[in-house]
Student: 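Input: one structure, supplied below.
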Amino acid sequence: MTLENKTAIVTGSGRGLGLAYARELARRGAAVVVNDVDADAAAAAVDTITADGGRATAVVAPVGPTETADALVAAAVDQFGGLDILVTNAGLLRDKSLLKMTDADFDDVIAVHLRGTFTCVRAAYAHFKEHDVAGRIITIGSPTGQRGNFGQTNYAAAKAGIVGMTRTWALEMARSQVTVNAVIPVAATAMTRTVPYFAAAVAAEDRGEPMPAFFRHELGVGTADDVAGLVAFLASVAAAGITGQAIGVGGDRLQLWSHPEAVFDAYHEGGWSAEALELELPALLEGRLQSVGESFPDLPDDLKAAAP
């Protein structure tokens with residue numbers, strides 16, 4: 001699983017999940033172009049990677065504009081001689097329920113997550129195709145994009161769109177032997193600190209202790225490092241036969257998310273009029289309505305004390 005002589009771009013890699021991905025790719029031998037809007041975070045990430053014996057440079061710019069995507073590819077070529085791997089991790093949150101969400105809240109999230117993924121993948125693929133590189137593109141989705149989540153209209157739309165684009169790109173890039181896969185991470189982040197349900201997991205992390213097995217195994221929630229291994233694998237030659245997939249990982253759990261499929265088929269001679277639907281659809285849907293959002297099991301008694 002060596003990535004020696006490979007170069008990777010990881011957007012949004014100044015901290016958190018993105019930094020974990022960048023460090024793991026560098027640890028496997030890849031040179032890494034770090035990207036963040038925070039110059040100090042980007043510089044610190046480069047220092048961390050180089051202190052570990054890796055190679056890295058930084059591009060400080062917001063993801064979304066085509067100019068940033070082009071600058072990232074140019075940095076990879078100028079500093080390290082080429083580009084082989086792209087991880088589109090950059091993102092932000094502007095969580096509000098629908099009636100409180102402003103146009104700016106919606107547009108900012110779409111611009112970074114969805115447009116940023118589009119522009120960066122377009123620029124990377126152009127390089128791969130021009131230079132006959134069997135590249136690796138790893139987009140980052142979310143359970144919210146798969147299932148929905150209260151207060152995240154903008155984020156759900158962006159993450160669902162990323163997975164839709166990933167499947168399309170897998171078709172378009174197959175002849176070039178470029179693979180495109182979405183990773184659906186489930187990890188303790190700054191966001192989980194605000195959720196009482198995860199208080200015991202946060203407390204364990206703050207104490208430098210392993211996360212309780214209930215979170216790691218039953219819920220599939222882990223650390224950023226738990227996700228980084230999948231990113232490194234999908235970036236490697238070993239994953240050459242895997243493309244167009246949405247793969248979840250967190251804690252001790254790995255998941256393959258299904259592509260949307262029809263649950264059942266029903267036919268009505270002459271088509272489905274409103275009257276026919278009124279007569280037949282309720283019975284047809286009974287027991288078949290699909291759930292939305294995610295539900296969590298009750299906390300074990302020994303973990304409840306940590307919840308406020």
Side-chain angles (χ1 to χ4, degrees), residues 3 5-14 17-19 21-22 25-26 30-39 41-42 45-46 49 55-92 107-141 158-159 161-183 231-232 234-236 239-240 243-244:
L3 297 176
N5 302 317
K6 302 294 185 183
T7 298
I9 295 168
V10 184
T11 66
S13 49
L17 285 163
L19 178 57
Y21 305 156
L25 293 172
V32 180
V33 177
V34 169
N35 160 255
D36 207 280
V37 292
D38 184 330
V46 170
I49 290 169
R55 296 173 296 152
T57 190
V59 172
V60 178
V63 165
T66 295
E67 293 77 12
T68 298
D70 291 341
L72 288 167
V73 174
V77 173
D78 294 345
Q79 294 294 317
F80 304 117
L83 176 64
D84 306 275
I85 301 157
L86 170 66
V87 182
T88 58
N89 172 75
L92 53 81
D107 291 345
D108 288 350
V109 170
I110 295 297
V112 176
H113 286 277
L114 195 61
R115 191 172 192 273
T117 297
F118 161 70
T119 56
C120 288
V121 170
R122 183 177 59 184
Y125 181 50
H127 174 86
F128 293 159
K129 195 165 186 181
E130 180 181 353
H131 297 280
D132 197 24
V133 177
R136 300 285 181 267
I137 295 172
I138 300 149
T139 65
I140 305 299
K159 290 302 190 182
I162 285 170
V163 174
M165 292 192 301
T166 296
R167 293 175 181 139
T168 299
W169 293 331
L171 296 171
E172 294 183 356
M173 301 182 194
R175 289 184 64 182
S176 300
Q177 296 185 309
V178 176
T179 66
V180 194
N181 293 287
V183 168
V231 171
L234 291 173
S236 73
T243 193

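The basis for the numbers below is simple: all heavy atoms, side chains too, and nothing from hydrogens, waters or symmetry mates.
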Student: Treating Asn181 as the side-chain partner and Gly244 as the backbone partner, does any N or O pair qualify as donor plus acceptor under 3.5 Å?
Tutor: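 Between the backbone of Gly244 and the side chain of Asn181 there is a qualifying donor-acceptor contact (under 3.5 Å).
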
Student: Do Asp36 and Ser13 come within less than 4.5 Å of each other through their side chains, counting heavy atoms only?
Tutor: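 Side-chain contact under 4.5 Å: no.
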
Student: Nearest 0.5 Å, what's the NE2-OG1 distance between His113 and Thr88?
Tutor: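 Going from the NE2 atom of His113 to the OG1 atom of Thr88 covers 10.5 Å.
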
Student: Are the side chains of Ile137 and Phe128 in touch, meaning some heavy atoms are under 4.5 Å apart?
Tutor: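 In contact.
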
Student: What are the two closest heavy atoms between Val73 and Ala124, and how far apart are they?
Tutor: CG2-N, 4.0 Å

Student: What do you reckon, is CG of Asp78 surrounded by more than 12 foreign heavy atoms closer than 6.0 Å?
Tutor: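 Yes, the 6.0 Å shell around CG holds more than 12 heavy atoms from other groups.
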
Student: Tell me the closest heavy-atom pair linking Ala123 and Asp70, and the distance in Å.
Tutor: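 Distance-wise, the nearest heavy atoms are CB-OD1, 3.9 Å.
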
Student: Give a yes or no on whether the backbone of Pro62 and the side-chain of Thr68 come within a donor-acceptor separation of less than 3.5 Å.
Tutor: yes

Student: Side-chain contact test, heavy atoms from C-beta onward, threshold under 4.5 Å: evaluate it for Ile85 versus Lys6 and give yes or no.
Tutor: yes

Student: If I compare all heavy atoms of Leu234 with all of Thr179, which pair ends up nearest, and what's the gap?
Tutor: O-OG1, 4.4 Å

Student: Any chance you could lay out the side chain to side chain donor-acceptor pair (under 3.5 Å) test for Thr117 and Thr139, step after step, and finish with the verdict?
Tutor: CA-CA 7 Å; Thr117 297; Thr139 65; over 6 Å; no

Student: How close do Asn89 and Ile140 get, heavy atom to heavy atom, and via which atoms?
Tutor: CA-CG1, 3.8 Å

Student: In Å and rounded to the nearest 0.5 Å, what is the CE to CD distance from Met165 to Glu172?
Tutor: 11.0 Å

Student: Kindly determine whether His127 and Leu86 satisfy side-chain contact (heavy atoms from CB on, under 4.5 Å), including the steps that lead there.
Tutor: CA-CA 11 Å; His127 174 86; Leu86 170 66; over 6 Å; no

Student: Any chance you could measure Phe118, atom CZ, to Thr66, atom OG1, to the nearest 0.5 Å?
Tutor: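 Result: 7.0 Å between the selected atoms.
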
Student: Is the closest side-chain heavy-atom distance between Asn35 and Ile9 below 4.5 Å?
Tutor: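 In short, these two side chains do not touch, never coming nearer than 4.5 Å.
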
Student: Within the distance-only criterion (no hydrogens, no angle test), does the side chain of Asp84 pair as donor or acceptor with the backbone N or O of Gly135 below 3.5 angstrom?
Tutor: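 Not confirmed, Asp84 side chain does not pair with Gly135 backbone.
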
Student: Do the side chain of Thr119 and the main chain of Gly64 share a donor and acceptor less than 3.5 angstrom apart?
Tutor: yes

Student: So which atom in Leu114 and which in Gly161 form the shortest heavy-atom distance, rounded to 0.1 Å?
Tutor: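 Distance-wise, the nearest heavy atoms are CD1-C, 3.7 Å.
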
Student: Return yes when atom CG of Asp107 has more than 12 non-hydrogen atoms of other residues, nucleotides or ligands closer than 6.0 Å, and no otherwise.
Tutor: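 It does: Asp107 CG has more than 12 such atoms within range.
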
Student: For Ala56 and Ile49, work out which heavy atoms get closest and say how close.
Tutor: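 That would be CB-CG2, 3.8 Å.
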
Student: For the pair Thr57 (side chain) and Val33 (backbone), establish whether a donor and an acceptor sit closer than 3.5 Å, ignoring hydrogens and angles.
Tutor: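 No, Thr57 side chain to Val33 backbone: no donor-acceptor pair under 3.5 Å.
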
Student: Using side-chain contact (heavy atoms from CB on, under 4.5 Å) as the criterion, point out the one residue from Val59, Leu83, Val77 that pairs with Leu72.
Tutor: Val59

